[in-house]
Every structure is written in C-alpha cells, then in structure tokens.
Amino acid sequence: MQQDYQPRNIEAAAQQHWDNTQAFRAAEQSDKPKYYCLSMFPYPSGKLHMGHVRNYTIGDVLSRYHRMKGFNVMQPMGWDAFGLPAENAALANNVPPAAWTYSNIDYMKKQLKSLGLGVDWSREVTTCTPAYYRWEQWLFTRLFKKGIIYKKTSSVNWDPEDQTVLANEQVIDGRGWRSGALVEKRDIPMYFFRITQYAEELLADLDQLDGWPEQVKTMQRNWIGKSYGCDVHFPYDKASIGSEGVLKVYTTRPDTLMGVTYVAVAAEHPLATQAAAQKPELAAFIAECKRGGTAEADIATMEKKGMDTGLFVTHPLNGEKLPVWVANYVLMGYGEGAVMAVPAHDERDFEFAQKYELPIKQSIAVKEQSFSNAAWQDWYADKEHGICVNSGKYDGLDFQAAFDAISSDLQSKSLGQKRTQFRLRDWGISRQRYWGCPIPIIHCTQCGDVPVPEDQLPVVLPEQVTITGTGSPLAKMPEFFECACPKCGSKARRETDTMDTFVESSWYYARYTSPDCTTSMVDERAKQWLPVDQYIGGIEHAILHLLYARFFHKLMRDEGLVQGDEPFKNLLTQGMVIAPTFYREQEGSKKLWINPAEVDVKTDERGRPVGATLLADGQPVIIGGTEKMSKSKNNGVDPQAIIDEFGADTARLFMMFAAPPEQSLEWSDSGVEGSFRFLKRVWKATHDHVEQGVVPAYQRGELSAAAKALRLQLHQTIQKVDDDLGRRKTFNTAIAANMELLNALGKFDEQTPYARTVAQEVLEAIALMLNPIVPHLSHALWAGLRPADDLLAQPFPKVDASALVQDEIEIVLQVNGKLRGSLTVAKTADKATLEQLALAHEAVQKHLAGAVPKKIIVVPGRLINIVA
RNA sequence: GCCGGGGUGAUGGAAUUGGUAGACGUGCCGGACUCAAAAUCCGGUGCCAGAAAUGGCGUGGGGGUUCAAUUCCCCCCCCCGGCACCA
C-alpha cells in the first residue's frame with residue numbers, strides 16, 4: 001500500500017477495475033433474488049448539482065449493500081431529457097434544444113461516472129430519442145382508442161404580448177416573465193388522461209405500499225380527496241333568468257342546505273355570461289376575473305371578490321329565492337363551476353357574506369356555543385357535534401341523519417342525490433411547446449381526430465428549429481404539420497402540441513428493464529425486474545410524479561405489459577441540500593448574491609459567526625439565511641470542485657454523514673474536510689497494519705480483556721451498521737459507528753500475534769462496512785488486507801454471536817426520575833437483588849434522605865427508578 | 001389559503017419500542033511535535049452557581065398524561081416542501 005491516501009489514483013484504479021470486469025452489468029439469469037434499485041433520473045440541465053450527488057449516492061449505497069447481502073442488483077441510469085429549460089437555453093444562447101440537451105448529457109455522464117456509481121450503463125435511456133418516445137406515442141394511440149384519453153377545453157396562462165402559453169413558473173406577480181405583460185386565463189382545447197377513472201384504485205392501493213413513507217401516502221390520499229356529498233340542483237327563477245333550468249352544485253355539507261343564502265358561479269359560467277350582457281359593470285368584473293394566472297395557490301390567497309348578477313335561483317327544498325353571484329374564487333374547470341354558499345358554516349362564505357352584506361343564517365348549533373354573525377368561530381364548521389336548527393323538519397338531526405334525510409328528499413324531488421366525488425382532476429397533457437414528445441394525432445375535417453397508425457410511428461420531432469419565444473414553434477412548420485389523413489387520405493393537419501414531460505417520467509422505470517426492445521414498449525424482462533424494489537428521489541415529487549407513475553403502471557398493466565398493481569415497492573424521499581447565503585444590498589433594493597466560496601466568515605471566541613467579508617475587497621457582506629442551493633441565490637457548491645480536490649469518496653462520505661437521507665442537508669466546507677480526515681485515518685490505520693504483515697483474521701482462542709472488549713464493540717458495530725444500512729437507512733449513524741470503532745482500534749495497542757488477528761478482523765470489517773459508502777477506498781484497503789481476493793465478491797460481514805456475550809451490564813439508578821448513579825451487575829441478577837443493591841447505593845441513600853420508597857420500578861437491563 | 005413535514009449545545013446531527021439528552025463530526029480552548037507555521041496526535045468543551053465535590057436548569061413557547069416525555073395528547077409561534085404548465 002502507498003503510505004498516503006491518494007484518492008485520485010485509487011479512484012481511477014477502482015473504476016478501471018469495475019469497467020474491465022463489467023461488474024455492474026445486471027443479468028437476467030441469476031439464482032439470486034433480484035433487487036431493482038432506482039434513483040430518479042436527472043434532467044440534463046448542464047452539470048451535476050449536489051442534489052444529484054446526494055440522490056445517486058444513496059441509491060449506490062443501497063445497491064452495493066444489497067449486492068453484499070446476496071442480491072442480483074440492477075441499478076440503471078438515464079435522462080429526463082425533454083423540458084422547458086432547453087427552450088429557455090435556446091432563447092438565451094441561440095443553441096437548438098436538441099444539441100444543448102445532448103451535450104449536457106455527455107458532460108453529466110462523465111461526472112456521474114467519476115462518482116463511482118455501480119450503474120449498469122448498458123440500460124441507459126434518453127427520453128428525447130425517438131426510440132424511447134415512439135412507445136409513449138404508441139401507448140397514447142391505444143389509450144385514445146380506449147377512451148382513456150379525451151379532449152376538452154381548459155384554462156392556461158396566456159401572455160397576450162408574446163402570444164404564447166406560459167408555465168406557472170413563468171408568471172411572476174401576474175405578468176409574463178419576458179414580456180412583462182399582464183397574464184390572462186385563456187381556454188384552449190387539450191387532451192386529457194382520464195386519471196379520475198382510476199381514482200378509487202389509486203387511493204385503495206396506497207394501503208399496499210408498506211414501504212412508502214406515511215407522509216407521502218397521506219399527501220396522495222388528500223390529493224385524490226375522496227369526499228362523500230350530494231349533488232344539489234337549484235331550479236332557475238324564471239322571472240329573472242327567463243328560461244327553465246337548474247343550477248347544479250356539489251356539496252359535502254348537505255346538512256347545511258337550509259342555511260344557504262346565495263349561490264356563487266365562476267366568471268365563465270353561462271349564467272354569468274347571460275347576466276353580463278345586460279350589465280356592463282358585471283362584464284367588466286368578469287374580465288377582471290380572467291386576469292391573472294391559473295395557479296391554485298394564487299387563487300386561494302387572492303382577495304375574494306364578487307358581484308351580484310341580479311339573477312335568482314330557487315332553493316330546492318323551501319323554494320326561497322336565492323341571489324346568484326359571480327365570485328373570483330369559483331373556477332369553471334372544477335366541478336360544475338358553481339357552489340352553494342352557507343356563510344354561517346363555511347369560513348370563506350362567511351367572509352364573503354360579511355364583505356358584501358349578504359344574509360348569514362345559522363342552521364347548525366353546537367351545545368353550549370352561541371352563534372354570532374359578528375365573528376367567525378371554528379365550531380361553526382363542526383360536523384361532529386352539530387345538530388340542525390332553523391331547518392324546519394330537519395331540526396334536531398345530527399350530521400349523518402340530516403345528510404341522509406336531505407339527500408333523500410332531494411332525490412324524491414329529482415333535485416339531487418348522494419354522490420362520492422374526488423378532488424383529483426383529469427390530467428391535461430397538451431403543451432403548446434416544442435421540446436417534448438409530439439402528440440400522435442392527425443386532425444381531419446372529415447374524420448375528426450385520428451390517431452397516427454402504428455406503422456407510421458414514431459412521429460419524429462424535428463431537431464432543427466428556431467425558438468423565438470412567441471407562439472408554438474411546431475405550429476409554424478408546415479413540413480411538420482402538413483399531412484394526409486390516415487383514414488380517408490385527404491389533406492389533414494398534424495397535432496402540433498407536445499406532451500407534458502411528466503408522461504416520459506411516468507414509465508421510464510419500466511423501460512429500463514427492456515431498454516433495447518424494438519418490438520414493444522417493454523418485453524417479458526419487465527415481469528422479471530418489476531416492481532422497483534427501492535425508489536429514491538426528492539420529496540418535492542411526493543404527489544405529481546409519483547401519482548402519475550402509479551397511474552401509468554396501472555394503464556400498462558391493463559394493456560398486459562406489466563404485472564402487479566404498483567411500480568415502486570419501497571420509497572425513500574431525500575431532503576434538499578442547503579447552504580448559507582451572503583449578499584449585498586444594491587440600488588433599488590436589489591440584492592447581489594455572493595457565493596459562499598468568496599466570503600470569509602468571522603467568528604467570536606466561541607465560534608459564533610459575528611460578520612462576514614468579501615475576500616476580494618475585505619468589505620462586509622450581509623449574512624442571509626441557509627437555503628436550498630440554487631442559481632438564484634448563488635449559494636451552490638460545484639460537486640466537481642469537491643471531487644477534484646478530495647475525491648469522490650469524500651464527497652460521498654460527507655453527503656451520507658452530514659444528515660439522515662430524509663432530512664435537509666447543510667453544506668459545510670469544514671465538514672467535508674472532516675470526512676476527508678476520517679478517510680485518511682482509515683487509510684493510515686490499515687497501511688500501518690499491513691506494513692507489519694497481513695495475518696489471518698481472528699477465528700478463535702484466548703484473548704485479553706481489552707481484545708475481548710474490542711471484539712464486543714466490533715460485532716455490536718456490525719450488527720448496528722447492518723441494521724442502519726438495511727432496515728433504517730440511516731447512513732449517518734452507520735458511519736458514526738465505524739468512526740467509533742476506528743477510535744477504539746486506535747486505543748488498542750497490544751502487539752501479540754493474537755491481538756494482530758483481532759486488528760485484522762476489525763480492519764477487514766471496516767473496509768467491508770464502509771464499502772457501500774466509499775467503494776474506491778474499500779477496494780484499495782481490501783487489496784492491501786486480502787491481496788488475493790476481489791472485494792466485489794465479498795459478502796457483508798457477519799455477526800459472531802459469541803463475541804456479543806456479556807457477563808456484566810450497567811444499570812442506571814434514578815430517584816424520583818432523576819439520575820443519581822449507576823451499578824455494574826451480573827447480567828443474571830434478579831429483580832430482588834437489583835432493588836436491594838439499588839437501595840444500598842450511596843447516592844441513592846443520600847437522595848432518599850431516610851424517606852421510605854413508595855414504589856420501585858425496575859426496567860430489566862436498563863434502569864431502576866425509586867419513587868419516594 | 002389548503003395539504004404534508006420540521007424546530008435538540010457555538011454548529012451538522014445522535015438518542016431505533018416512553019427509560020442515562022447531546023453519540024459521531026465540525027468549531028472553539030489547552031497541550032505535544034516544530035526555529036515557526038501548516039499538517040498530525042492527545043485532552044477539554046450544554047447552560048448557570050461553585051475552588052471542588054456537587055447542585056439546579058435544559059430538546060421552539062405554553063399546558064397535560066406518566067414513576068419516567070426530545071418521544072404521547074391539546075393550544076400557540078417560526079421555518080421548509082407541494083398546490084395540477086419547473087423538474
């Protein structure tokens with residue numbers, strides 16, 4: 001072994017060895033159980049960021065650990081290559097999105113390889129290639145014929161100046177990001193996946209997912225949002241509306257129906273349109289409602305506004321006339337575009353009624369609570385304890401009884417019925433963008449929307465285009481959209497919208513099993529590898545991506561392509577990588593963000609930061625918060641710089657040590673140096689041992705007390721690390737346990753032949769236990785400790801139960817719950833002996849001060865608490 | 001606004017099933033080595049009082065359950081993720 005730890009050499013050598021032996025090629029033929037380990041594939045944005053390093057290191061640790069535990073591991077990698085940033089880059093730098101994307105992939109692939117991931121690169125998948133997306137188009141045409149995909153109109157953010165649709169993130173304070181024009185909502189035709197048809201199953205199957213975090217399942221349940229409620233029809237008041245008809249609403253609180261004092265409709269609702277024709281001020285208000293974006297967060301937080309239409313509907317049960325209002329918080333796209341308002345028992349309606357002086361009518365009472373129109377109280381919305389009041393024949397009924405009575409009365413009048421509903425909406429996938437998968441539809445004036453026949457797939461996205469930022473690029477390319485109708489042969493127009501990029505990422509996990517299949521979306525190998533045993537990715541994907549992928553799995557299952565109901569058996573959601581921010585105030589209250597690498601932080605005598613200066617000019621900078629690494633806050637640390645300076649193993653070790661995977665991870669330069677120091681110490685300890693000659697690892701024989709204690713700690717550590725890597729997935733504590741073990745070895749200085757076999761045993765175990773985390777280092781350590789063996793063939797170390805046997809244990813003594821001392825006792829000591837010893841203990845006597853113990857609690861093997 | 005998560009020394013975090021709060025790392029203080037510095041190694045380090053022994057306090061704030069609460073329950077404050085066209 002080299003005397004010094006030289007990561008550059010050993011990492012290159014280890015990677016070369018893995019390449020030469022095709023070590024991570026996943027084979028279908030194997031007598032071992034399979035383990036499919038998948039990290040969310042990256043968007044090729046340019047270069048690797050710390051979030052990627054964290055994600056892929058976690059995946060690699062689990063992959064290598066499972067390999068050592070005897071699994072046939074498959075860990076693939078690919079590229080989520082379609083998306084908006086490529087078009088933005090094209091606008092900024094005048095490079096075609098395809099060229100930009102492919103060159104980013106080249107660079108990032110080199111970076112990923114330098115991390116030493118045990119990836120089977122032969123399975124690489126790139127979503128922007130026709131080889132990949134043709135199968136997405138193929139599935140689309142199948143689903144279209146089945147009716148799972150349909151067309152309807154939907155609202156988008158419209159930039160009237162650039163004449164283009166904007167993504168939510170491109171709308172900043174209600175204006176287009178490039179033009180600065182006020183954004184408005186516009187209804188356009190789009191294709192939808194009928195995900196609501198699978199809502200019930202998507203909800204129910206969450207119960208199968210024992211390996212998913214409870215929080216993610218809860219978020220998905222709430223997102224799907226199954227509710228039990230009632231359709232209610234309010235007959236039109238013929239005098240004001242002038243025609244027959246009903247206004248339909250859905251409510252989860254039919255028990256409050258007798259408290260309805262008005263109804264509210266969306267700006268686009270037919271009744272609103274009708275009323276606006278007579279009332280210019282209403283028309284103006286409707287126009288105002290159409291301003292602004294479509295994001296739900298904006299709609300939910302904006303000021304609630306409304307206007308009376310002057311129209312009326314009648315209450316379905318008591319025939320009362322109720323005014324129809326237009327309100328900006330009611331959206332046409334959701335449900336019927338109308339809601340019934342019960343100001344007394346809904347907080348939003350309450351505010352609205354107060355603002356516009358609409359009547360508030362109590363219809364629910366809770367015992368010992370008194371109702372007042374003046375201020376909202378939380379009990380007004382209480383379903384559990386309320387009973388009906390001011391509700392005629394329903395007075396005195398509780399929630400469920402009123403629900404049943406009112407809905408059955410509505411049904412007998414044909415003015416409504418019970419219905420369960422989902423909050424989940426169908427998935428609109430049309431995008432008026434260039435860099436995405438073309439939607440395989442041809443529009444024919446005779447035949448309508450015709451799916452592209454299988455033998456004409458794929459519809460290839462042209463790669464030579466000019467992106468202008470206005471309009472849709474494909475819609476300006478006749479060579480793309482001019483075509484013949486596959487049915488009647490007459491001149492037709494190809495669809496120029498592309499698909500939501502969430503579609504590609506909804507099935508890539510399946511494609512990895514059969515990446516080279518040219519005859520189908522996936523082949524029989526999918527049945528062998530799926531489901532994914534471990535999926536790893538950011539918590540920000542908890543709802544959309546994971547729900548869409550689950551949905552796609554069911555769609556593919558129903559097409560006979562895959563088996564099983566769920567794609568991902570176990571899920572690990574990793575936290576963000578965060579770093580301190582620094583800035584200077586500039587004119588116009590703009591902040592100039594300064595990279596942490598360019599800043600010197602001053603601390604007081606206890607290490608607390610007291611100020612910071614810019615290295616370049618020595619002048620102060622302001623210390624900001626610790627936030628997610630991002631370009632906008634300029635607080636990113638380039639992983640490449642860390643790999644170049646310390647090596648990939650240090651980067652990997654720090655990432656795994658600084659926090660458990662699910663928490664956010666704070667970047668720390670000195671923490672990185674600490675990780676590097678630890679690797680140097682492991683290297684030195686192994687080197688110094690090997691220099692004196694390698695020996696066989698300890699097997700059996702008499703040992704000194706110190707050697708016995710070291711072996712006890714060793715095997716306790718193996719037990720803990722095995723559990724930490726396997727069950728708990730807390731890599732930070734696994735590393736800490738190895739650090740403690742190395743510290744203990746450092747204090748063990750016996751040089752007898754037997755002692756050296758114990759040292760060999762410890763060093764071999766450390767090399768193996770650290771292997772999943774710092775595989776290059778372990779590869780080199782192993783070459784020194786066991787020159788004849790390849791580390792890749794080694795199993796995870798096994799616990800020697802005989803080393804764990806302890807004769808004496810420590811018991812903690814408490815008096816009234818406070819720690820007062822401890823006892824070392826024989827492990828076999830019984831309860832009576834323990835109580836006796838505890839009462840006799842000096843510190844216990846002192847704190848009892850003669851008082852008679854009322855109770856003695858003995859927790860075997862842990863503590864004794866004497867209550868006086 | 002709605003849904004989900006989090007808050008522990010100077011600092012990142014540990015405490016796995018209600019049972020010794022602060023493992024391990026960083027920083028800081030002291031020492032060894034050195035002409036000196038860096039690197040390395042050794043020791044100390046929750047806060048308050050005390051020379052010490054020791055005692056009290058302490059897991060965002062307030063209350064509760066329990067022999068015992070970072071852990072369970074209720075209320076409040078702050079921070080973060082998602083909200084359907086960022087990925």
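Sequence lines set the chain letters: A, B, ... in the order given, protein chains first and strands last, and positions in each chain run from 1.
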Base, sugar-phosphate, or nothing: which does [X] touch, judged by heavy atoms less than 4.0 Å apart?
X: A/Ser664; result: sugar-phosphate
X: A/Val812; result: base
X: A/Thr733; result: sugar-phosphate
X: A/Arg677; result: sugar-phosphate

Rounding to the closest angstrom, what is the interatomic distance between [N] and [M] at atom [atom1]?
N: B/rC73; M: B/rU17; atom1: P; value: 15 Å
N: B/rG44; M: B/rU26; atom1: P; value: 15 Å
N: B/rU40; M: B/rU54; atom1: P; value: 36 Å
N: B/rA39; M: B/rC57; atom1: C1'; value: 41 Å
N: B/rU20; M: B/rC74; atom1: P; value: 25 Å
N: B/rC78; M: B/rG60; atom1: C1'; value: 8 Å
N: B/rG58; M: B/rG7; atom1: C1'; value: 16 Å
N: B/rU45; M: B/rU11; atom1: C1'; value: 13 Å

Restricting both atoms to N or O, compile the protein contacts to nucleotides 52-56 of chain B shorter than 3.5 Å, with distance only.
from: B/rG55; atom 1: OP1; to: A/His847; atom 2: NE2; distance (Å): 2.9
from: B/rG56; atom 1: OP2; to: A/Arg820; atom 2: NH1; distance (Å): 3.4

Report the distance from atom [atom1] of [X] to atom [atom2] of [N], rounded to the nearest whole Å.
X: A/Ile735; N: B/rA23; atom1: CD1; atom2: P; result: 17 Å
X: A/Gln3; N: B/rA39; atom1: CD; atom2: P; result: 19 Å
X: A/Ile578; N: B/rU11; atom1: CD1; atom2: P; result: 14 Å
X: A/Asn732; N: B/rU16; atom1: CG; atom2: P; result: 13 Å
X: A/Phe657; N: B/rG13; atom1: CZ; atom2: P; result: 11 Å
X: A/Asn738; N: B/rG25; atom1: CG; atom2: C1'; result: 14 Å
X: A/Gln663; N: B/rU8; atom1: CD; atom2: C1'; result: 11 Å
X: A/Phe731; N: B/rA14; atom1: CZ; atom2: P; result: 13 Å

Heavy atoms from C-beta onward define the side chain here; which of [options] lies closest to that of [X]?
X: A/Pro660; options: B/rA14, B/rC24, B/rU16; result: B/rA14
X: A/Glu810; options: B/rU20, B/rG25, B/rG1; result: B/rU20
X: A/Val859; options: B/rC67, B/rG25, B/rG19; result: B/rG19

message = Once you measure the plane-to-plane angle for A/Phe676 and A/Tyr5, does it fall in the parallel (<30°), tilted (30-60°) or perpendicular (>60°) bin?
response =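 Ring orientation of A/Phe676 relative to A/Tyr5: tilted.
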
Should the pair [X]-[Y] be classified as a salt bridge under the 4.0 Å nitrogen-to-oxygen rule?
X: A/Arg431; Y: A/Asp500; result: yes
X: A/Lys355; Y: A/Glu303; result: yes
X: A/Arg348; Y: A/Glu351; result: no

ask   = So does A/Asn222 get a side-chain nitrogen or oxygen closer than 4.0 Å to the phosphate oxygens (OP1/OP2) of B/rC2?
value = no

task = Return no unless some side-chain N or O of A/Arg728 is found under 4.0 Å from OP1 or OP2 of B/rA15.
result = yes

key: Which residues share a side-chain hydrogen bond (donor to acceptor under 3.5 Å, both in side chains) with A/Asp669, sequence neighbours left out   =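 Result, side-chain hydrogen bond (donor to acceptor under 3.5 Å, both in side chains) vs A/Asp669: A/Trp667.
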
ask   = Mind pulling the stems RNA chain B is in, i.e. runs of at least three Watson-Crick or G-U pairs, everything under 3.5 Å?
value = B:1-7 with B:77-83, B:10-12 with B:24-26, B:27-32 with B:40-45, B:46-49 with B:54-57, B:60-64 with B:72-76

task = Spell out protein contact along nucleotides 68-87 of chain B as letters: B when the base is contacted, S when just the sugar-phosphate is, - when no protein heavy atom is under 4.0 Å; keep the 5' to 3' order.
result = ------------SBSBBBSB

inquiry  = Side chains of A/Val812 and A/Leu823, heavy atoms from C-beta outward: is any pair under 4.5 Å?
reply    =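 Answer no - side chains too far apart.
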
task = Please list, chain by chain and in numerical order, all residues satisfying ring-ring contact (aromatic ring centres under 6.0 Å, His included) with A/His847, sequence neighbours excluded.
result = none

message = On the six-membered ring of A/Phe192, is A/Lys152 placed so that its NZ or CZ lies under 6.0 angstrom from the centre and within 45° of the ring axis?
response =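 The answer is yes; both the distance and angle limits are met.
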
ask   = Which way is the base of B/rG12 turned, syn or anti, if we draw the line at 90° from 0?
value =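 B/rG12: anti.
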
query = Given the side-chain rings of A/Phe657 and A/Phe678, with only the six-membered ring counted for Trp, is the space between their centroids under 6.0 Å?
reply =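 When the ring centroids of A/Phe657 and A/Phe678 are compared, they turn out to be at least 6.0 Å apart.
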
inquiry  = Here's a test for you: under side chain to side chain contact (heavy atoms under 4.5 Å, CB included), which of A/Pro85, A/Cys128, A/Pro473 qualifies with A/Trp435?
reply    =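 Filter result, single survivor: A/Cys128.
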
key: Side chain A/Lys680 and base B/rU40 donor-acceptor under 3.5 Å   = no

inquiry  = So which atom in A/Phe41 and which in A/Gly78 form the shortest heavy-atom distance, rounded to 0.1 Å?
reply    =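 The pair with the smallest heavy-atom distance is CB-O, 3.4 Å.
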
ask   = What is the minimum heavy-atom distance between A/Arg423 and A/Asn222, and which atoms define it?
value = NE-O, 3.5 Å

ask   = Taking the side chain from A/Thr127 and the backbone from A/Ala81, do they hold a donor-acceptor pair closer than 3.5 Å?
value = yes

ask   = What residues form a side chain to side chain contact (heavy atoms under 4.5 Å, CB included) with A/Arg253, not counting sequence neighbours?
value = A/Thr251, A/Asp255, A/Thr256, A/Ile364, A/Lys383, A/Phe399

